[in-house]
Undergrad: 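This is the structure I want to talk about, given as C-alpha cells.
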Amino acid sequence: QVQLVESGGGVVQTGGSLRLSCAASRRSSSYNAMGWFRQAPGKEREFVAAITWSGGASSYADSVKGRFTISRDSAKNTVYLQMNSLKPEDTAVYSCAAGRFSAAVAGAYDYWGQGTQVTVSS
C-alpha cells in the first residue's frame, strides 16, 4: 500500500505560477510511474503529466506542454508539478497517482492522493 499526499494548491491570478508536491509514503518496485491528473467541475478527469522514477522520462498533455514541468526527487519520494503561465481553464482539483508504468489513462494507476484545489482567477 502506498499513501500519496498532495500539497501546494491555492488561488492564483492568470499568468501566475504554482508548484504542486506529491509525497509518497514509500517507494516500491510495484510502481515506477507517477502521474498528475485533474478534474474540473462537471468535466471528466484528464491526464496532465507523468514521470518515471527510473530514468525520469516524462510526458505531458498537449494542453500543458511548455507551461507545466513534472519532476521527481527520489531521495524524498516526492514528485512535483511546476505550473507556469496559468490560465482560468487550468482550474481543477489536481491529484497525483502511482502506477506500474507511465500512461495517460487513469486506469493504469493503482494509488491516488486526495487531491488539491487549484483556482486560477481571470
Side-chain angles (χ1 to χ4, degrees):
Q1 193 77 359
V2 177
Q3 282 76 47
L4 304 173
V5 179
E6 302 98 334
S7 61
V11 180
V12 64
Q13 291 186 335
T14 297
S17 299
L18 281 174
R19 189 178 80 155
L20 305 183
S21 299
C22 173
S25 59
R26 67 183 184 90
R27 292 280 305 280
S28 170
S29 58
S30 64
Y31 74 95
N32 184 46
M34 299 290 290
W36 283 99
F37 289 77
R38 66 186 183 186
Q39 187 167 21
K43 294 187 177 181
E44 294 187 353
R45 182 165 51 189
E46 65 173 350
F47 170 75
V48 176
I51 193 168
T52 58
W53 286 113
S54 60
S58 60
S59 58
Y60 298 90
D62 288 342
S63 59
V64 305
K65 278 181 182 176
R67 300 188 298 124
F68 290 12
T69 303
I70 190 170
S71 61
R72 89 270 195 241
D73 185 334
S74 299
K76 295 181 178 180
N77 292 348
T78 299
V79 173
Y80 304 97
L81 185 68
Q82 177 66 44
M83 306 185 294
N84 299 328
S85 302
L86 284 162
K87 306 174 182 179
E89 50 264 44
D90 293 319
T91 295
V93 174
Y94 285 71
S95 299
C96 69
R100 284 170 290 177
F101 53 89
S102 179
V105 292
Y109 296 86
D110 301 311
Y111 305 101
W112 291 82
Q114 82 288 351
T116 185
Q117 177 70 46
V118 171
T119 301
V120 184
S121 61
S122 57

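The model shown is predicted, which means the values in this text are computed figures rather than measured ones.
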Undergrad: Count the heavy atoms belonging to other residues, nucleotides or ligands that lie under 6.0 Å from CZ of R27, then report whether that count exceeds 12.
TA: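 Yes - once you tally the heavy atoms of other residues, nucleotides and ligands closer than 6.0 Å, there are more than 12.
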Undergrad: Where do I70 and S58 come nearest, in terms of heavy atoms and distance?
TA: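 Heavy atoms of I70 and S58 come nearest at CG2-CB, 3.7 Å.
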Undergrad: For a 4.5 angstrom cut-off between non-hydrogen side-chain atoms, does Y31 reach Y109?
TA: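 SC-SC contact between Y31 and Y109 ruled out.
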Undergrad: Could you tell me whether a side-chain N or O of T91 sits under 3.5 Å from a main-chain N or O of V120, the two making a donor and an acceptor?
TA: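 Side chain of T91 to backbone of V120, a donor-acceptor pair under 3.5 Å: yes, one is there.
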Undergrad: Rounded to the nearest 0.5 Å, what's the gap from OG1 on T78 to CZ on R72? Could you check?
TA: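 Interatomic distance, T78 OG1 to R72 CZ, rounded to 0.5 Å: 12.5 Å.
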Undergrad: For the atom pair CD (E89) and OG (S122), what is the distance rounded to the nearest 0.5 Å?
TA: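 Interatomic distance, E89 CD to S122 OG, rounded to 0.5 Å: 10.0 Å.
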Undergrad: Do F68 and W36 have side chains that approach each other closer than 4.5 Å (heavy atoms only, starting at C-beta)?
TA: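 No, every pair of side-chain atoms sits at 4.5 Å or beyond.
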Undergrad: Does the side chain of S95 come within less than 4.5 Å of V93's, by heavy atoms?
TA: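 Of all side-chain heavy-atom pairs linking S95 with V93, at least one is under 4.5 Å.
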Undergrad: What's the spacing between L4 CG and W112 CH2 if we round to 0.5 Å?
TA: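 So the gap between those two atoms works out to 10.0 Å.
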Undergrad: What I'd like to find out is whether the side chain of E6 reaches to under 4.5 Å of the side chain of L20, using heavy atoms alone.
TA: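 No, every pair of side-chain atoms sits at 4.5 Å or beyond.
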Undergrad: Is Y80 reachable from V12 through a run of hydrophobic residues whose side-chain heavy atoms are each under 4.5 Å from the next?
TA: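 Different hydrophobic clusters.
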Undergrad: Using only atom types and a distance under 3.5 Å, with no angle test, would you say the side chain of T69 pairs donor to acceptor with the backbone of Q82?
TA: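 Judged by distance alone, no pair lies under 3.5 Å.
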Undergrad: Looking only at heavy atoms, what is the nearest atom pair of A103 and A108, with distance?
TA: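 A103 and A108 have their closest heavy atoms at CB-CB, 3.6 Å.
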Undergrad: Closest approach of C22 and M34, non-hydrogen atoms and distance?
TA: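 Heavy atoms only, the tightest pair is SG-CE, 3.8 Å.
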Undergrad: Provide the full list of salt bridge (Lys or Arg N to Asp or Glu O under 4.0 Å) pairs with a residue in residues 29-46, sequence neighbours left out, each pair given once.
TA: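 Qualifying pairs, neighbours excluded: R38-E46, R38-D90.
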Undergrad: Is it true that L81 and V64 fall in one hydrophobic cluster, defined by side-chain heavy atoms closer than 4.5 Å?
TA: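 Same cluster: L81 reaches V64 through Ile, Leu, Val, Met, Phe, Trp or Tyr contacts under 4.5 Å.
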Undergrad: Checking T14 side chain against S121 main chain: does a donor-acceptor pair fall under 3.5 Å?
TA: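 Yes; at least one donor-acceptor contact below 3.5 Å.
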Undergrad: Between atom OG of S63 and atom NZ of K65, what is the distance when rounded to the nearest 0.5 Å?
TA: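 That separation rounds to 10.0 Å.
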Undergrad: Return the CZ to OG distance between F47 and S102, rounded to the nearest 0.5 Å.
TA: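 Between atom CZ of F47 and atom OG of S102 there are 6.0 Å.
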Undergrad: What is the distance from atom CG of L18 to atom OG1 of T116, rounded to the nearest 0.5 Å?
TA: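 The CG atom of L18 sits 9.0 Å away from the OG1 atom of T116.
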Undergrad: What closest approach, in Å, do A33 and W53 show between heavy atoms, and which atom pair accounts for it?
TA: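 A33 and W53 have their closest heavy atoms at N-CD1, 4.3 Å.
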Undergrad: So, do S25 and Q1 sit near enough that their side-chain heavy atoms are less than 4.5 Å apart?
TA: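 No, side chains not in contact.
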Undergrad: What about V2 and F37, same hydrophobic cluster or not, with Ile/Leu/Val/Met/Phe/Trp/Tyr joined at side-chain heavy-atom distances under 4.5 Å?
TA: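 In one cluster: no.
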